[in-house]
Structures are given as structure tokens and as C-alpha cells.
Amino acid sequence: MTMKKPITTHDDLQANSEQLIGDFKALMADAEALIHATASHEDGPLSAIRSKALDTLSNAKESLSSIEGGLSEKAKVVAEGADEFVHRNPWEAIGVAAGLGLLIGLFIRRR
């Protein structure tokens, strides 16, 4: 088991969210494939489990689509806020960008 670094920025959070959503979609696709592979077994208990699993997957897909919509809306709000800040305070934005560039340059030079 590998240790993951802590989430420190909005970009890290968004990347981890997108990876989690992708993993969840892959898991749902695998579960659907497994359910369809057992379709030939129409015995009582297996059929009931398969039906319940299909309902659960359907609900999970609906939840995932609402979460994706929420994430994209939040990303748009953050981007609009940053754009508005830069337009209201262009010199501060330039100063922040220059400062970050200087820090990154110093860190790169140390290595």
C-alpha cells in the first residue's frame, strides 16, 4: 500500500475527484459486465441478487452524474472568480504570478 501525498491545492482536489469518478465508472462497468455474464442463470436467489445489483448500479449512475454536474459547476464558479479578480486587480495578479515564478525558480535551482 502506497502513501499518498495530502491534497494541497484546488487542482489536486479536482484531479483526485476526477480520478475517483473515473475509478467508480470503471467499477460500475465491471459490475454491469459481471451481472450480464450471469444472465443465463435465472434461478431464484441469483436472479434476485442480479436484479438488486442492477437497481443499485442505476442509482449509483444517477448519483455520479449529479456529482459530476456539481463539480463542473464549482469549477466554473472558481474560474469565473479568478477571472474577475484578475480583471479588477491586474497589478496584484501580475505581482502574485511573478512571486510564484520566483519561488518556483528558486526551488528548481536548488535541485
Side-chain angles (χ1 to χ4, degrees):
M1 186 170 172
T2 61
M3 297 290 287
K4 292 188 176 185
K5 67 177 185 171
I7 298 172
T8 56
T9 65
H10 176 43
D11 291 337
D12 290 342
L13 179 63
Q14 187 172 4
N16 285 342
S17 298
E18 289 173 1
Q19 181 180 0
L20 181 61
I21 289 171
D23 291 346
F24 190 67
K25 283 182 177 181
L27 176 64
M28 288 191 314
D30 292 345
E32 273 187 306
L34 180 62
I35 290 168
H36 291 299
T38 61
S40 62
H41 300 288
E42 296 189 20
D43 297 344
L46 189 56
S47 176
I49 292 170
R50 187 173 47 253
S51 175
K52 184 177 181 206
L54 284 171
D55 289 341
T56 302
L57 278 173
S58 175
N59 292 337
K61 283 181 181 180
E62 289 175 16
S63 297
L64 184 62
S65 66
S66 69
I67 289 171
E68 279 184 302
L71 284 176
S72 66
E73 287 299 318
K74 286 179 183 179
K76 287 178 186 177
V77 168
V78 168
E80 288 171 358
D83 186 52
E84 183 179 321
F85 174 79
V86 169
H87 281 91
R88 281 185 303 165
N89 308 305
W91 290 110
E92 288 180 28
I94 290 171
V96 169
L100 286 174
L102 178 66
L103 287 175
I104 291 171
L106 289 173
F107 287 131
I108 290 174
R109 195 177 102 192
R110 281 187 165 180
R111 290 185 178 197

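We number each residue from 1, following the sequence as shown. All values reported here derive from a predicted model rather than from experimental measurement.
- Here the straight-line distance linking atom CD of Glu62 with atom CG of Leu57 works out to 11.5 Å at 0.5 Å rounding.
- One hydrophobic cluster, built from ILVMFWY side chains closer than 4.5 Å, cannot hold both Val96 and Phe85; they sit in different ones.
- To the nearest 0.5 Å, atoms CZ (Arg88) and CG (Asp83) are separated by 10.5 Å.
- Between Asn89 atom CG and Glu84 atom CD the span is 9.5 Å, to the nearest 0.5 Å.
- Between the Thr56 side chain and the Lys52 main chain, a donor and an acceptor come within less than 3.5 Å of each other.
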